[in-house]
Amino acid sequence: ELLRDLRPWGPLDRVHSNDAGLLAGAIDGLDDDDLVRLEVELVYREREDVANEQEANVRAAIVGRGGAVVSRARIADIGYHALLADIPARALREIVERRLEGIAGLEMILHIRPQSEPTTIELGDVGEEDLGTATPAPLGDPILALLDGVPVAAHRLLADHVDLDDPFDLEPGALVAHRSHGTAMASLIIHGDRNAPASPLPRRIHVMPVMGNHDAFPSDRLVVDLIYLAITRLREQRPEVVIVNLSLGNRFRPFHGQLSPWARLLDRLSNRFGLLFIVSAGNATTEFGMPGFATGLAYEGANANDRAPAMIGSLHALIGERRILSPAETVNGITVGACNGDAVSPAERALARGFIDPYPAHDAPNPSSSLGPGFARSVKPDILMPGAREHMQVVRNHAHIDVRPGQASRGAGLKVAAPPAGGRENLDGYTNGTSAAAALASRTCHQIHDALEAAYGEAFLRLPAIERAVLLKALLVHPARWPRQFADLIKATVGPWGRGQASKQKDNIRRFIGFGCVDSNDAVACASDRATFFATGRLARDRGVTDRVPVPIAIGGQARPHSLSATLAWFTPVAPGRKSYRTCKLKILKPDALGELGVGNHSWQPDENQTNRGTIFSRRWEGNDAPAVTADMTI
């Protein structure tokens, strides 16, 4: 009664329905002999001779139909074996129709997919020439790497700050005018949002291009192989790097329960090399319907209390179509979504004419920011960082309006360095989205590293790379908080309602905002009324550790709002091919002195079962009663 379909693995499983639709669009209008490039992933076999025999059989089938193999990769660490191949349109039709006699019927094939393509957002309002700022000298060696498009390395804002390594020879073929994404991400990491001027990072950043002209992946390589080669070279060339920014994703690979090879690669390399990968959640920029409004005028004229629930309801109805994009489901990395924050002045905000703010009165995730959860229903995205205040454009009226996110602009964007245009160089432009949010998260992580280095010097720098990376991971997520009003609004809008539904309500909230929004100032420095303690180390199997943390005597006897927060982060070794995947799970046991401190469980956070599914365990307790603090008290 419960089985919908029971069958051997076959063409219906090797070609997902979404991929079949994309491949059908690729051959529309093509002649039978026209070639289409796609990725063929093989069932991974540990024995080299068996794997080689399987590959030879698939190659023969491709060549026998008039195709050719362009590239191949076999990475034992993650159980990955794949071919990049050109397939004639006539053979591709067999794949789209999932015929048993076609290539999709070969038993040694696991999946057939379109070639990976990145999600990128064009810069908006490229304009005024930047006059530049003085560069502090000398700049330190990089501890952060950016894998992205080719940047305009000679831009006045980047020239002294970028340490460029181009092992795939992508720079010569990338037209300077089209180097938007890498330039913008480098600018955000080094300088932040230039609408809110801040000091540049005190170290150079290591930039390794993995996208070429028009910010596209190289057409002759599998992206998983490309990233694997890039990271292994990075560890050899720059062993001091501990943070890697990946504001990239495969727009053809939304996460639907099964980990992508790219995500598995990041998980394995993070633990092997001690690297913290900061990954963008992905953007969904296609148009969608808003049933609550018949016309654009009605939407524009609605107040904040009507606009916000309408947007939440519309996105919730599409939740299966707006999932995080590979490799954002990474278990060991931090996945960053975009919230509607920027430093645009009120005067320039008025320039965003023709667009409508969906959340004029709320701190909220941007409508284009992809939604969780992650693998095994873990919290994803982990955090939200500013991705500009995204406005919506009405594109169609019928029974209701259809809307889509507007492009970044002077009135709604993060100010960044831009490629030359119209014969002018050193220009500014504007960007938005989860790519920008991930870049700002990487910058914040670097600033945390700077603060720890300033406070502890060599004692911090001597920590093993893996311990520094995990510490940065914990301290970046630690200040994340749900925006209370917006969390309330999600609960009220999508429910579910009634007794015993709290866990499901929190599940809906965390799909949108993960552990919450992070204020970079909170992540980098303590306020005068806050103390933060940290510890690093390793645990053997089935072992625990107790950390005794002193309680400040100053909080005793004062009936004021106060809180205790604890965040545990780790890198787990992974077991590709096993359902559990994570090979170690840690948790924080409830502290023993919550009663004396006058605090109880904080309601507005993921519940304990939800936060226990990834590699970050974060809890918060708060209260208003006066703590009973004694001398030398610890928790």
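Keep in mind that this is a model prediction, so the values were computed, not measured.
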| Does the side chain of Thr444 come within less than 4.5 Å of Met385's, by heavy atoms? | yes

| said: If I take atom CD from residue Glu39 and atom CG from residue Asp19, how far apart are they, to the nearest 0.5 angstrom? | reply: 10.0 Å

| query | Taking atom CZ of Arg7 as the centre, does the number of heavy atoms from other residues, nucleotides or ligands within less than 6.0 Å exceed 12? | reply | yes

| field | Short N-O contact, Asp382 and Lys380, less than 4.0 angstrom | value | yes

| Chi angles and distances behind the side chain to side chain donor-acceptor pair (under 3.5 Å) call for Gln115, Ser219 | CA-CA 8 Å; Gln115 185 177 15; Ser219 62; 5.7 Å; no

| field | Enclosure of Glu97 CD (heavy-atom neighbours >12, cutoff 6.0 Å) | value | yes

| note | Rounding to 0.5 Å, atoms CD1 (Ile509) and CD (Gln605) come to a distance of 11.5 Å

| So is Arg307 actually on top of Phe293's ring, under 6.0 Å and inside 45° of the axis? | no

| request: Would you mind telling me which of Leu246, Asn332, Leu265 makes a side-chain contact (heavy atoms from CB on, under 4.5 Å) with Phe277? | output: Leu246

| Distance-only polar pair, side chains of Ser603 and Asn601, donor-acceptor under 3.5 Å | no

| query | Would a 4.5 Å heavy-atom cut-off, applied to side chains only, mark Arg253 and Arg113 as touching? | reply | yes

| remark: Residues passing the side-chain hydrogen bond (donor to acceptor under 3.5 Å, both in side chains) test with Gln258, sequence neighbours excluded, are His111

| query | Does the side chain of Thr615 come under 3.5 Å of the side chain of Lys473 through a donor N or O and an acceptor N or O? | reply | yes

| Can you find a side-chain donor-acceptor pair between Ser435 and Ser247 that sits under 3.5 Å? | no

| What is the distance from atom CH2 of Trp570 to atom CG of Leu586, rounded to the nearest 0.5 Å? | 5.0 Å

| task | Please name the pair of heavy atoms, one in Pro386 and one in Gly341, separated by the smallest distance, quoted to 0.1 Å. | result | CB-O, 3.4 Å

| Distance from Glu41 atom CD to Leu110 atom CG, nearest 0.5 Å? | 5.0 Å

| Would one find more than 12 heavy atoms of other residues, nucleotides or ligands at under 6.0 Å from atom CG of Asp34? | yes

| task | Kindly check if the number of other-residue, nucleotide or ligand heavy atoms within 6.0 Å of CD (Glu107) is above 12? | result | no

| query | Which one of Asp357, Asp193, Asp342 satisfies the salt bridge (Lys or Arg N to Asp or Glu O under 4.0 Å) criterion with Arg389? | reply | Asp357

| Can Asp86 and Arg37 be counted as an ion pair, charged N to O under 4.0 angstrom? | yes

| Do we see a donor-acceptor contact under 3.5 Å between the side chains of His478 and Ser565? | no

| said: I'd like to know if Arg323 and Glu329 make a salt bridge, using a cut-off of under 4.0 Å between side-chain N and carboxylate O. | reply: no

| Side chains of Arg620 and Arg481: closer than 4.5 Å at any heavy-atom pair? | yes

| Between Asp607 and Ser503, a side-chain donor and acceptor under 3.5 Å | yes

| note | side chain to side chain contact (heavy atoms under 4.5 Å, CB included) filter on Thr295, not counting sequence neighbours, yields Leu297, Ala298, Asn397

| query | If you round to the nearest 0.5 Å, how far is CD1 of Ile78 from OH of Tyr228? | reply | 8.5 Å

